[in-house]
Amino acid sequence: MDHVVSIKGLSKRFGRIQALNGVSFDVPAKSIFGLLGPNGAGKTTLFSIIADFLKADAGLVEVLGINTLNISRLQGRLSILPQDARFQRNVPIMEQLVFFRLLAGSTRKQAEEEVIHSFELVGLKSVAKRRVGSLSHGMVKRLGIAQAFLGHPEVILLDEPTAGLDPANARQIRDLIKQLQERATIVVSSHNLDEVQELCDHVAILNRGNLVLTGSVDEITCADREYYISLSRPLQDSELEELSLIEGVRSIKSQPATVAGQGKCSAEYLLTLDLSGKNAEQDGVIAAILRTVLQMDITPRKLTEGRSLETQFLEVTGGQTEV
Amino acid sequence: MSLKTLTFKHIRLISLYWSRFAVRSGSGLVYLLVALVFGLSVAHVLIMPVEQFIIQQEREMGAADPQLVRNTIISVGGPIAQWILGRKTMGEIVEESAERQRAAFGGPGGMAEVSPQENEYKFDKWTGFLLEEKPALLSAILLVLLFGMPFVISFLAYNQVSGDIQSLGLRYLLLRTERSNIYFGRFIGTVIFSTIVTAIIVATITFYLGARIRIYPAMALVGWAARGFLALSILMVPYIALCSLLSASVRSPFLSLVLAKLIIAGTLIVALAGGIAWKPARYLLYALPWGWQSQLMHPAPLHWISAVLGCLAYATVFLMLGYYRFEKRDL
């Protein structure tokens, strides 16, 4: 099966708000698929419809070839980390997850082993006997991830899995997601565009309920033949003109690095190149540019191919910064 | 919407988990406390005068005459039982009581012990069955519990799903089982918990009557207590189902509780108060089991079997309406 999740013409309205408007895209098998969009773009609504928490006004969702209106046929094959869903406060977390496994048909002993294993994966084994009320926000998030990883789901939906986690835990979860890619297709929504770019191989960008961009991350970020070179100082006009005269350079511009979001270091300046020709020819042009820059007594610090996902995101969503 | 998706194993797991969770979540504890306080208070109010009467008899005559105690209970409890069973109005009872007192004492005065010969009450068959054939004191307690427990049950049943709809907690379950299993499993879990609490209340009262009051044969007490327990347990089912419907219809557990209280109490109050001014208003009692629930204690099998079937029919209607709402709604 090429696509494990197939969404066709999905629409959902809450009163006057059109949360989703004819959204269609496919999620390839064994991919890590990123779902991006500003706040209110419809990401959580889309997740909720895929999981049949919400009923769509129009459209069709198929997961593993099964219409999600028959969601029971996906029991054990589809799991989700829902956003903002709360666990029961007065029941030990171990017992809650064991209950989930009992529903899946495990014996109590099997269920306990599976839950302990899942807790080990997310670093919660030491608090297995505790109740949700005594866990930190990050621990609760990891508990949600643990329940999503329980069993052997073929498709996992993770709604902002690293939100609220410290960097070490976020890294751990990202590594875990990458490991799971071998046996499951994972759809992730995230506020962290760098994270999505690092983690995902495909993305869809939603804006105000509309799908504005979808494709592989490589396709999206390398759609334009642009390169970025971080420099140790800004270029003067004469230097910029000299570089623009190099054969194969279609356009060139210099700006502070933070403007384009290529880095946060205030001492870096960015040279944006738009080159013509094929890859091999472009390599020659880049080498010529770097030689020239060095001759100008400027240190090139980093060379990046393609536009960042953030740049693309800002462009297609009209510059909204909240994701 | 299809009930074909019901899975016995899931319903069993969910109902047992939910019964245990009811205690942990607090609502079960609140219900246990309120139901115990209510049940034992009712028993206390009805048993205390009898205990005092027995003590007075022992003081005056060295020992209490069980038959005399039983007759006194019947003469005092008879009018109340007739009112609860709807056999007489309060006005008729007051008038009859005044006439009886005039005949016995030559005018209004205090209550006195009644000898077997003096017990001239002519009860209808139903009241006679409850007071003369069965242990009257236990019958009186059961009748009051039958009347009062519907007010209490909503403390347990109001939050079957609404809290988890509000907190989105159901989302962890929805990909693991059917909505139908969640809805009916929690309903059954609530019924189980309610039945356990009812058993505790009835067993405590029966034990006390047998061990302390000792005016009825033990087997008669136990047998009648078992019947009362069944009547109370079955009566709770439609009220729990009504709470299920409300819980599935609103997102706020507090609103669900308020609605349950308003509907259960409001139906009775409007029907009784409205019935004074406009008699057909009394038919509102039949919107809930209020209109016929005391038939659960009727001597004729046709009556109490009909009452049981009525309870189950009302429960089915409420449950199916609630399930329809729960199945279709956004969670």
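Chain A is the first sequence line, chain B the second, and so forth, proteins listed ahead of strands; every chain is numbered from 1. Predicted model only: the values in this text are computed from it and were never measured.
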Visitor: Could you measure the distance from the CD1 atom of A:Ile71 to the OG1 atom of B:Thr177? Nearest 0.5 Å is fine.
Guide: 12.5 Å
Visitor: With a 6.0 Å cut-off (strictly less than), is the heavy-atom count around CG of B:Leu312, excluding the residue itself, greater than 12?
Guide: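 Counting neighbours around CG of B:Leu312, more than 12 heavy atoms of other residues, nucleotides or ligands fall under 6.0 Å, so yes.
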Visitor: Taking A:Arg86, A:Gln147, A:Gln96 one by one, which has the highest count of heavy-atom pairs under 4.5 Å against chain B?
Guide: A:Arg86
Visitor: Would you indicate whether A:Arg89, at its atom CZ, is surrounded by more than 12 heavy atoms from other residues, nucleotides or ligands within a distance under 6.0 Å?
Guide: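 No.
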Visitor: May I have the step-by-step check of salt bridge (charged side-chain N to carboxylate O under 4.0 Å, His left out) for A:Glu95 and B:Arg20, ending in yes or no?
Guide: CA-CA 12 Å; A:Glu95 199 171 318; B:Arg20 289 210 309 272; 3.1 Å; yes
Visitor: Identify the heavy atoms of B:Leu175 and A:Ala51 that sit nearest to each other, and give their distance.
Guide: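 Between these two residues, the closest heavy atoms are CD2-O, 3.6 Å.
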Visitor: Roughly how far, to the nearest 0.5 Å, is the CG atom of A:Leu103 from the CG atom of B:Leu13?
Guide: 5.5 Å
Visitor: Main chain of A:Lys55, side chain of B:Asp330: is a donor-acceptor contact present, judged purely on distance under 3.5 Å?
Guide: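 Yes, B:Asp330 side chain to A:Lys55 backbone: donor-acceptor pair under 3.5 Å.
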Visitor: Which region of A:Leu102, side chain (C-beta onward) or backbone (N, CA, C, O), has a non-hydrogen atom less than 4.5 Å from a non-hydrogen atom of chain B, or is it both or neither?
Guide: both
Visitor: Select one option (side chain, backbone, both, neither) describing which atoms of A:Ser72 are under 4.5 Å from chain B's heavy atoms.
Guide: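 Both backbone and side chain.
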Visitor: Apply side chain to side chain contact (heavy atoms under 4.5 Å, CB included) to A:Val91 and B:Tyr17, showing your working.
Guide: CA-CA 10 Å; A:Val91 182; B:Tyr17 182 85; 3.6 Å; yes
Visitor: Working to the nearest 0.5 angstrom, can you tell me the gap between B:Leu168 CG and A:Phe53 CZ?
Guide: 9.0 Å
Visitor: Measuring heavy-atom distances to chain A, does B:Arg179 have an atom under 4.5 Å in its side chain, in its backbone, in both, or in neither?
Guide: side chain
Visitor: Contact part of B:Leu170 toward chain A, heavy-atom cut-off under 4.5 Å: side chain, backbone, both or neither?
Guide: neither
Visitor: Measuring heavy-atom distances to chain B, does A:Phe99 have an atom under 4.5 Å in its side chain, in its backbone, in both, or in neither?
Guide: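 A:Phe99 touches chain B through side-chain heavy atoms alone.
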Visitor: Is the side chain of B:Tyr172 donor-acceptor paired with the backbone N or O of A:Phe87 at a distance under 3.5 Å, no angle test?
Guide: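 Between the backbone of A:Phe87 and the side chain of B:Tyr172 there is no qualifying donor-acceptor contact (under 3.5 Å).
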Visitor: State, without any angle test, whether A:Gln83 and B:Arg171 hold a side-chain donor-acceptor pair at a distance under 3.5 Å.
Guide: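 Looking only at side-chain atoms, B:Arg171 and A:Gln83 do not form any donor-acceptor pair under 3.5 Å.
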Visitor: Please examine the side chains of A:Gln75 and B:Glu178, heavy atoms only from C-beta on, and report whether any two atoms are closer than 4.5 Å.
Guide: yes
Visitor: Check whether B:Asp164 gets within reach of chain A through its side chain, its backbone, both or neither, counting any heavy atom under 4.5 Å.
Guide: side chain
